[in-house]
A.B. asks: 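I'd like to ask you about the structure that follows.
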There are 2 protein chains.
Amino acid sequence: MTRRDPTLEDVAREAGVSRATVSRVVNGVRNVDPGIQETVRRAIERTGYRPNRAARFLVTHRTETVALVISGTGDAFAARVFADPFFGRVVSGALEYLRAHAKHPVILVAESVEAREQVVDYLSKGTADGCLVVTMQAGDPLPTMLTAAKIPTVLFGRPEPGLAVSHVDLAQAEGARLAAERLVARGCRRVATIHGPRALPAARDRLTGFRAALAAAGIADVPAAEGTFTVESGAAAMRQLLAAHPGLDGVFAANDLMAQGACQYLRERGRRVPEDVAVVGFDDSSVAAACHPPLTTVRQPVERMAAEMARLLSEHIQGARTEPAAVLFEPELVVRESA
Amino acid sequence: MTRRDPTLEDVAREAGVSRATVSRVVNGVRNVDPGIQETVRRAIERTGYRPNRAARFLVTHRTETVALVISGTGDAFAARVFADPFFGRVVSGALEYLRAHAKHPVILVAESVEAREQVVDYLSKGTADGCLVVTMQAGDPLPTMLTAAKIPTVLFGRPEPGLAVSHVDLAQAEGARLAAERLVARGCRRVATIHGPRALPAARDRLTGFRAALAAAGIADVPAAEGTFTVESGAAAMRQLLAAHPGLDGVFAANDLMAQGACQYLRERGRRVPEDVAVVGFDDSSVAAACHPPLTTVRQPVERMAAEMARLLSEHIQGARTEPAAVLFEPELVVRESA
DNA sequence: TTGAAAGCGCTAACAC
DNA sequence: GTGTTAGCGCTTTCAA
């Protein structure tokens, strides 16, 4: 019943040539007579031959596959990832680049400690040539594990201090400055911020960058509340902030989802956005435009960043680059209605 | 510099036994002296050996990997997928089952026609033992391509007529009936619905099921508008509906995202939910509870359904099941505030 | 330009 | 209970 899949051998027999010749045609090596090339191509067609990836890997040590690893832990991590449009942009950007460069993209989710081990194990031997990783967890050990296993890796966001690995990042402080200046320009003077988990470098940078920019504008005291990058946590942080500082007239949230939560809560409490309280988000993810009111936000060119990760990884895989590289992107203020 | 990875041979030499013995230990085959077993285990430890997946596949034709394919097309498909919590639940459910059964889960995105080809190609030869597919596109050719390529496949949702492939599904009409009855019980008499793309079986079933249930309650005329399962499309459909039927007092949206959009639009137009217009969603995805007001919705046990898909697939892979199977799940009404 | 043959790392008969 | 050996399907010298 399960007729064996056709192999190179079968195609060779069918075409009346040797395995080696068929292999050359399949891999587009020159030095093959155009006539024979045609014959072989037809034989491939007729037999429905497809190269066996495993057999090929065994000799080339190449899979032409790149893994995109999404790492983090906590309750319903997978579910949370799929509720954050940010990841969609990362995936889009990486996918587009990889497809255009004939690499197979696969997405791996490392949602627990064991899952992380499994992912490393999986990647260690013949599954992908390298991986792109984006982690949502502070102090995530995955990048270290990956480099220890000598798996070519590129990170979204800078690594923990002490770990040398290629990555792309956004000029976070610069983005926070853009937000601060917008708020100040609008006339806000009683400004607060909803920041992400302090252990995350990006979150920390946005917080300190925001405060620094405000200090430069003469606003020294900036209340802050921590969220977890979800809509609910944004609303909760807004509640805290508003309770402690009812006179607030401006808020900077470290991502759009939290900004959305903040807007929701503000409106519930009868505050108009932006008339009473101006709100600036971060990312310019798909929710930003769909939000009520549409969010003024700091745009992060996520798709381009993801594509750059893939490009960097390709260089590492090809051996064209041996030293870790860091590529920094510039943020941009997108003005809509919330501030 | 790149010292060759240790192989079975290396471990064997280190342990002073044959390759076969090491292989037995690695694969947990009985008939190995406990003492030797220990020796080998230590040798593995010392050498840092990890089985080469490709080499193993070449002889066993097993990868212990299962692919979860998310298929669909259209603008920014990847981005849309990652904005719909529904997929997060599918992924969660599948991941949990697969991890528990020592299968490696990988996610593949088939976001375009070529991507679909690539995915089939990728799966055809030595990447995964089978795949779970969830498609958001009417008439998606992927399931047919997959079965034609003899790749063990299980679908989320019933296949196109004429295609025999294992799948899990929800009793859609039953779910729609639950929604209809809730609306009627609340006293709604001028009821409309926002349905999904008609070409999708699930969307069709919800629409006809809803109308049938309403007809049974004496409501024969049910205006309908089509959406695409996104928040924006839900708002747009609501606008149409409200323009044509200002007296509406109840709406059933075929998923929570569209229900959310509908609520947003209704509130913009000054309609209170549920006092003026009651709204029922579908899925009970994470947005349902976070919505304003929290959504009354028809719960689909997505995680359990995804786990069942994985179980079914395992049976197919093991050869324990040769005929396609269909497993039907029952929906459940979750009452919150919107209706 | 083409073919023969070695070998990638592993499992599974089969023999001992 | 353990070792020997024959491939799995492919690429890649090396000769011709």
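Worth knowing before you read on, the calculation uses all heavy atoms, side chains too, and leaves out hydrogens, waters and symmetry mates. In what follows, chains are A, B, ... by sequence order, proteins preceding strands, each numbered from 1. Computed from a predicted structure; not experimentally measured.
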A.B. asks: Hey, is the side chain of A/Ser23 poking within less than 4.0 Å of OP1 or OP2 on D/dT11, counting only N and O atoms?
C.D. replies: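 The answer is yes; a side-chain N or O of A/Ser23 sits under 4.0 Å from OP1 or OP2.
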
A.B. asks: Would you mind reading off the distance between B/Phe57 atom CZ and C/dA12 atom P, rounded to a whole angstrom?
C.D. replies: 13 Å

A.B. asks: Of the candidate nucleotides D/dT4, D/dG9, C/dT11, which contains the atom at the shortest distance from the side chain of B/Ala20?
C.D. replies: D/dT4

A.B. asks: Can you measure B/Glu9 atom CD to D/dG3 atom C1' for me and round it to whole angstrom units?
C.D. replies: 12 Å

A.B. asks: Of all heavy-atom pairs between B/Ala15 and B/Ala43, which one has the smallest distance, and what is that distance?
C.D. replies: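 Nearest heavy atoms, B/Ala15 then B/Ala43: CB-CB, 3.7 Å.
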
A.B. asks: Measure from CG on A/Asn27 to P on C/dT2 and round the result to the nearest Å.
C.D. replies: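 Distance, rounded to whole Å: 15 Å.
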
A.B. asks: Look at B/Thr7 and C/dG9 and indicate whether a side-chain polar atom (N or O) is within less than 4.0 Å of OP1 or OP2.
C.D. replies: no

A.B. asks: Output yes when A/Arg42 and A/Glu38 qualify as a salt bridge under the 4.0 Å nitrogen-oxygen rule, no when they do not.
C.D. replies: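 Judged by the 4.0 Å cut-off on N to carboxylate O distance, A/Arg42 and A/Glu38 do form a salt bridge.
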
A.B. asks: Could you check which of C/dG3, D/dG3, C/dG9 has an atom nearest any side-chain atom of A/Arg24?
C.D. replies: C/dG3

A.B. asks: Whole angstroms only, please: what is the CG-P distance between A/Leu58 and C/dA6?
C.D. replies: 17 Å

A.B. asks: With side chain to side chain contact (heavy atoms under 4.5 Å, CB included) as the criterion, how do A/Asp121 and B/Arg53 come out once you've worked through the C-alpha distance, each side chain's angles and the decisive distance to 0.1 Å?
C.D. replies: CA-CA 10 Å; A/Asp121 182 58; B/Arg53 180 164 287 105; 4.1 Å; yes

A.B. asks: Rounded to the nearest angstrom, tell me the gap between atom CG in A/Leu8 and atom C1' in C/dA4.
C.D. replies: 15 Å

A.B. asks: Rounded to whole angstroms, how far apart are CG on B/Asp10 and P on C/dC8?
C.D. replies: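 Between P of C/dC8 and CG of B/Asp10: 11 Å.
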
A.B. asks: Measuring from the side chain of A/Tyr49 (C-beta onward, heavy atoms only), which nucleotide among C/dC8, D/dT2, D/dC10 has the closest atom?
C.D. replies: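 Selected nucleotide: D/dC10.
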
A.B. asks: Go through the side-chain N and O atoms of B/Thr47 and B/Glu14 and say whether any donor and acceptor fall under 3.5 Å apart.
C.D. replies: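 No, no side-chain donor-acceptor contact under 3.5 Å.
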
A.B. asks: Among the candidates C/dC10, C/dT11, D/dT11, find the nucleotide nearest to the side-chain atoms of B/Asn52.
C.D. replies: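 For the B/Asn52 side chain, the nearest candidate turns out to be C/dC10.
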
A.B. asks: Rounding to an integer number of Å, can you tell me how far B/Arg13 CZ sits from D/dT4 C1'?
C.D. replies: 17 Å

A.B. asks: Quick check on DNA chain D: between B/Ala55 and B/Thr21, whose nearest nucleotide comes earlier from the 5' end?
C.D. replies: B/Thr21

A.B. asks: Under 6.0 Å between the ring centres of A/Phe86 and A/Phe156?
C.D. replies: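 Between A/Phe86 and A/Phe156, the centre distance is under 6.0 Å.
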
A.B. asks: Give one of base, sugar-phosphate or nothing for B/Asn31, where a contact means two heavy atoms less than 4.0 Å apart.
C.D. replies: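 Base: the residue B/Asn31, judged by heavy atoms under 4.0 Å, touches a nucleobase.
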
A.B. asks: What is the distance, rounded to the nearest whole Å, between atom CZ of B/Arg62 and atom P of D/dG9?
C.D. replies: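 Rounded to the whole Å, the gap is 17 Å.
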
A.B. asks: Measuring from the side chain of A/Arg19 (C-beta onward, heavy atoms only), which nucleotide among C/dC10, D/dG1, C/dG7 has the closest atom?
C.D. replies: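 Per side-chain heavy atoms of A/Arg19, the pick is C/dG7.
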
A.B. asks: Give one of base, sugar-phosphate or nothing for A/Val26, where a contact means two heavy atoms less than 4.0 Å apart.
C.D. replies: nothing

A.B. asks: Indicate whether OP1 or OP2 belonging to C/dA4 is found under 4.0 Å from a side-chain N or O atom of A/Ser18.
C.D. replies: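 A/Ser18 to C/dA4 OP1/OP2: no side-chain N or O under 4.0 Å.
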
